[in-house]
Protein chains: 2
Amino acid sequence: MPIHSYHHGDLRRTLLEAAAASIEANGVEALSLRQLARDAGVSHAAPSRHFRDKQALLDALAEDGFNRLTVSLDEATQGAPTTPTEARQRFDDLARSYVGFALAQPTLLSLMFSLKHAPSARAELLAAGHASMELTMRVVVAAQEIGAIGPGDPQRIALVAFATFHGVAILTSGGLIDEVPAADLVATASELFWNGLQP
Amino acid sequence: MPIHSYHHGDLRRTLLEAAAASIEANGVEALSLRQLARDAGVSHAAPSRHFRDKQALLDALAEDGFNRLTVSLDEATQGAPTTPTEARQRFDDLARSYVGFALAQPTLLSLMFSLKHAPSARAELLAAGHASMELTMRVVVAAQEIGAIGPGDPQRIALVAFATFHGVAILTSGGLIDEVPAADLVATASELFWNGLQP
DNA sequence: TATGCAATGTTGTCAGTGACATCATTCTGC
DNA sequence: GCAGAATGATGTCACTGACAACATTGCATA
């Protein structure tokens, strides 16, 4: 790809990456399509070829975020547990991975769960979000299968676990907590939740 | 107060209420100070007398939200419990109240925990947020005092409880969950968490 | 009670923005 | 090698937030 070609080459990806950096640095409110275009060295209307409007860019960012979160959670919970200790470890790892994601890109996480998405993007977002929750369910089911935790609708348990991780992630990344270190809060949450699941 | 006086009378409150309605209807992104001014029947620059800039209005909204949340949680948990069943009931009520607040004004809740606040407003927001968490701690301490749950740092437990409620609230109000009714999710979360607290 | 100042509201202006229409260039499949 | 699809550029418009300068009103106090 020549340095100065009429076509950018991979403008869509460039815009997404710059936008992700921008929202973390200055918030969603301050995101400017025209500024992104300037930074990418294209005209102010070029982004509209890839994102119908600003909302479409935000939707794409959110979907991308869910996909990255799914990868993170997946990598953190490889291998089926064979002992209760291992199952518990997977659960801990899942929680730490979630909160780690949140601390690294808190604004993106908020955006992912923000409810103002274009109806057209809703299907993709739902699918991407569900993939993340599926991973949580996988950990729950694996723990149930070896008897590390009691029975119970794994989907419901996984949803509550996911919600717990999310809440801890938002609280710790939101700067609303000074007294308790983030890692301690994650550990406490994981421990309490696990206790509640015991047979 | 005359119908048409030079001074509006209570513009600040009018703006806050209209803004709260606007963000729930159209999202934070679409909030327009000038539109709020038009709706209130004042000039486009009048709001600046009450809110230095848009961020200041959002900060005030968030603080107001925390105060209202605190009132809701307080009203839902009146009276010291005397039995484990009552203590458990308080805990359930707290969770339901939190999620009810979230369902009624999901965008405001997101805004409250958004990290994009002016440094000058941080102190007030922190105080308002802590008041909500204090209420959660009150419920935990009350339960501990009558032995309904085991010992443990009540602040840490309360923070995790708060986080759990918040996570469930965001998930249920965010439209990311179709399979499980919100009330069921709240009940499951409350039950699992309570189990984890048993001595 | 009179008055001066603080609080509040108005008008005017400016640069930045998102969206859209129209035109230009390049790429790709046939 | 060429036609049409992708992608980018240019021009324009209404709207917005922020700010400056000016107007009106309410209130404290002398």
Side-chain angles (χ1 to χ4, degrees), chain A residues 1-23 25-62 107 111 114 116-121, chain B residues 1-23 25-62 107 111 114 116-121:
Chain A
M1 191 66 51
I3 304 290
H4 292 107
S5 60
Y6 189 87
H7 285 133
H8 176 280
D10 200 1
L11 183 55
R12 185 187 153 90
R13 180 143 309 274
T14 301
L15 290 173
L16 279 176
E17 287 172 2
S22 171
I23 64 171
N26 306 111
V28 175
E29 287 276 308
L31 183 67
S32 159
L33 291 178
R34 290 173 96 109
Q35 185 61 51
L36 289 181
R38 281 192 290 271
D39 292 346
V42 295
S43 75
H44 65 257
S48 71
R49 295 293 167 191
H50 302 275
F51 305 102
R52 169 195 296 274
D53 54 20
K54 196 175 179 177
Q55 188 57 55
L57 171 58
L58 295 178
D59 291 343
L61 270 179
T107 308
L111 177 64
S114 138
K116 64 169 188 320
H117 295 291
S120 55
Chain B
M1 189 68 50
I3 303 290
H4 291 107
S5 60
Y6 189 87
H7 285 133
H8 175 282
D10 201 0
L11 183 56
R12 186 188 153 91
R13 180 146 310 271
T14 300
L15 289 174
L16 278 177
E17 288 172 2
S22 171
I23 63 170
N26 307 110
V28 175
E29 286 276 309
L31 184 68
S32 160
L33 290 178
R34 289 174 97 109
Q35 186 60 50
L36 289 181
R38 282 191 291 270
D39 292 346
V42 295
S43 75
H44 66 256
S48 72
R49 295 293 169 193
H50 301 275
F51 305 101
R52 168 194 297 273
D53 55 20
K54 196 175 180 178
Q55 188 57 54
L57 171 57
L58 294 178
D59 291 343
L61 269 180
T107 307
L111 178 63
S114 139
K116 195 71 191 70
H117 295 292
S120 54

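In what follows, every chain begins at residue 1, and chains take the letters A, B, ... in the order their sequences are listed. Only heavy atoms go into these numbers, but all of them, side chains included; no hydrogens, no water, no symmetry mates.
With a 4.5 Å cut-off on side-chain heavy atoms, B/Phe51 and B/Leu61 do not count as touching. Side-chain atoms of B/Leu31 and B/Leu58, non-hydrogen and from C-beta on, do get closer than 4.5 Å to each other.
Atom CG of A/Leu31 is separated from atom C1' of D/dG17 by 17 Å (rounded to the nearest Å). Atom CZ in B/Arg34 sits about 13 Å away from atom P in C/dT13, given to the nearest Å. Between the CG atom of B/Leu11 and the C1' atom of D/dT25 there is a distance of 15 Å, given to the nearest Å. Distance B/Arg13 CZ to C/dT8 C1': 17 Å, rounded to the nearest Å. D/dT24 atom P lies 15 Å from atom CZ of B/Arg49, rounded to whole Å. Nucleotide D/dA18 holds its C1' atom 14 Å from the CD atom of B/Gln55, rounded to whole Å. Between the P atom of C/dA19 and the CZ atom of A/Phe51 lies a distance of 13 Å, rounded to the nearest Å. Distance CG (A/Asp53) to P (D/dA14): 20 Å, rounded to an integer number of Å.
Between A/Ser32 and C/dG18 there is a side-chain N or O to OP1 or OP2 distance below 4.0 Å. The side chain of B/His50 places an N or O atom within less than 4.0 Å of a non-bridging phosphate oxygen (OP1 or OP2) of C/dG9.
Nucleic acid contact for A/Arg38: sugar-phosphate only, since backbone atoms but no base atoms lie under 4.0 Å from a heavy atom of the residue. B/Ala45 comes within 4.0 angstrom of a nucleotide base, judged by non-hydrogen atoms across all strands.
Applying the salt bridge (Lys or Arg N to Asp or Glu O under 4.0 Å) rule to B/Lys116 yields no partners; only residues at least two apart in sequence or on another chain are considered. By the salt bridge (Lys or Arg N to Asp or Glu O under 4.0 Å) test, A/Glu17 is found to be paired with no residue, residues two or more places apart in sequence or in another chain being considered.
One can find a donor-acceptor pair under 3.5 Å joining the base of C/dG12 and the side-chain atoms of B/His44.
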